[in-house]
Amino acid sequence: MEIITGTTDFFLEKETAAAIGKFDGVHIGHRRLLEEVLSCKAQGLAACVFTFEPAPAVLFGTGDGKELTTREEKRALFERMGVDILVEFPLTKQTAAMPPEIFVSDVLARRMNVRFIAAGRDLSFGAGGRGNAALLQSLSQDLGYEVKIIEKVCFQGKEVSSTYIKSQVETGNMKLVEQLLGMPYPIMGKVVHGNRIGRTLGFPTVNLVPGESKLLPPNGVYYSQVRYGSRKYRAISNVGYKPTVTNERVLGVESYLYDFDQEIYEEPVEVYLLGFRRPEKRFEGLEELKKQLKEDIEAGLRFA
């Protein structure tokens, strides 16, 4: 997958089909957009995702900066889905103030060489957020592209949105989060050195330190799955600060993988949270912690 980032000065020679949006979470609503552009590959168009970096909420200070999917996670997901080109368009006070008509004609039609656009009904862009689905449609004939506006996807009678999914992550409702995303909640990164207490207790683990922008569920133990290389392993993961073994306030994700005993420091792994097991707690000592870890691991074997 080709990634164009950090510049407004680019030109795509191949004609493209583009999905436009923020794509935080890459949820089932986003996947409808992506299905449309991916289907255009059969017509010889390059499948593109056009998104803004940073997100508008970050630039204008209207959000807390927490994301369902980090930039690195989105890149991995898009590439796995078959996207050919990802454009991370720089969002600055200057580019945000671009007249929406100029954005469509210069950026989408000329630089993106777009022939098909898929966008949500609530899309907004350009100065004052005046650019919308209606504008895309009104300019399509003159600029030589087709546009398909996708209505909001609903699940159990409620509109699927990144805001709604965030509220479910914050309560630890990982089963519903998985249904809304179309996949278990991912946390991706490289394995870092831990304090090796797990190995001392007979339960070796892999440790990740998520980026500061990554939204995490409540601290606690979760049934999980870990992808390393081409394989997926059943696992059980602790999200939190490991209060029994350290006073350091480093928020991490520590996972015990069943049938796995390799040292993979600095290797990329993906942790998928499947369901909540119990809250994080401080134990009186390592023996009490070891007993609880054994119970957690046995419970993970029964989880389905």
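Keep in mind the model is a prediction, meaning the values are calculated, not measured.
Within the structure, side-chain hydrogen bond (donor to acceptor under 3.5 Å, both in side chains) contacts touching residues 40-51 (residues at least two apart or in different chains) are K41-D84.
Remark: R277 engages D296 in a salt bridge (charged side-chain N to carboxylate O under 4.0 Å, His left out) (not counting sequence neighbours). Judged as a ring pair (Phe, Tyr, Trp, His ring centres under 6.0 Å), and not counting sequence neighbours, the contacts of Y222 are F276. By the salt bridge (charged side-chain N to carboxylate O under 4.0 Å, His left out) test, E101 is found to be paired with R130, residues two or more places apart in sequence or in another chain being considered. Under the rule for a salt bridge (charged side-chain N to carboxylate O under 4.0 Å, His left out), the partners of E270 that lie at least two apart in sequence or sit in another chain are R80. In terms of the salt bridge (charged side-chain N to carboxylate O under 4.0 Å, His left out) criterion, E295 has no residue partners (sequence neighbours excluded).
The shortest heavy-atom contact between V191 and I264 is CB-O, 3.4 Å. When all heavy atoms are compared, the tightest approach of L273 to P184 is O-CB, 4.0 Å. When every heavy atom of P217 is checked against every heavy atom of G172, the shortest pair comes out as CB-CA, 4.3 Å. Here the shortest heavy-atom pairing between G25 and T69 reads N-OG1, 2.8 Å. In terms of heavy atoms, V271 sits closest to S224 at CG1-CB, 4.4 Å. What you find for T92 and T95 is that their closest heavy atoms are N-OG1, 2.8 Å.
Between H27 and H30, the two ring planes are parallel [angle under 30°; tilted spans 30° to 60°]. Classified by interplanar angle (parallel below 30°, tilted 30° to 60°, perpendicular above 60°), the ring pair F260/Y228 is perpendicular.
Atom CD of E212 is surrounded by 12 or fewer heavy atoms from other residues, nucleotides or ligands within 6.0 Å. For K22, the NZ atom sits in a loose shell: 12 or fewer heavy atoms of surrounding residues, nucleotides or ligands are nearer than 6.0 Å.
To the nearest 0.5 Å, atom CG of residue N113 and atom CD of residue E13 are 9.0 Å apart. The distance from the CG atom of L216 to the CD1 atom of I187 is 5.0 Å, given to the nearest 0.5 Å. Atom CD of Q225 and atom CG of L257 lie 10.0 Å apart (nearest 0.5 Å). Distance check: R111 CZ to I4 CD1 gives 10.5 Å after rounding to the nearest 0.5 Å.
Remark: E35 engages R32 in a salt bridge, criterion side-chain N to carboxylate O under 4.0 Å. The pair E53-R71 meets the salt-bridge criterion, with a side-chain N (NZ, NE, NH1 or NH2) lying under 4.0 Å from an Asp/Glu carboxylate O. At a threshold of 4.0 Å, the pair E151-R121 counts as salt-bridged, since one of the basic side-chain nitrogens sits closer than that to a carboxylate oxygen.
Geometrically, K158 engages Y164 in a cation-pi contact, judged by NZ or CZ lying under 6.0 Å from the ring centre and within 45° of the ring axis. Remark: K166 is not positioned above the aromatic ring of Y185, lacking an NZ or CZ atom under 6.0 angstrom from the ring centre and at most 45 degrees off the axis.
Contact check for L77 versus M183: side-chain heavy atoms found under the 4.5 Å cut-off. Put simply, the side chain of P210 does not reach to within 4.5 Å of the side chain of M188, judged on heavy atoms.
Just one residue in the list F89, F78, F23, F10 forms a ring pair (Phe, Tyr, Trp, His ring centres under 6.0 Å) with F50, and that residue is F89.
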Checklist entry - Could you go step by step and tell me if E15 and R115 meet the salt bridge (charged side-chain N to carboxylate O under 4.0 Å, His left out) rule? => result CA-CA 6 Å; E15 294 181 337; R115 293 295 175 265; 3.3 Å; yes

Next on the checklist: Does E36 form a side-chain contact (heavy atoms from CB on, under 4.5 Å) with I150? I'd like the steps, not just the answer.
Outcome noted: CA-CA 9 Å; E36 292 290 342; I150 306 299; 4.0 Å; yes

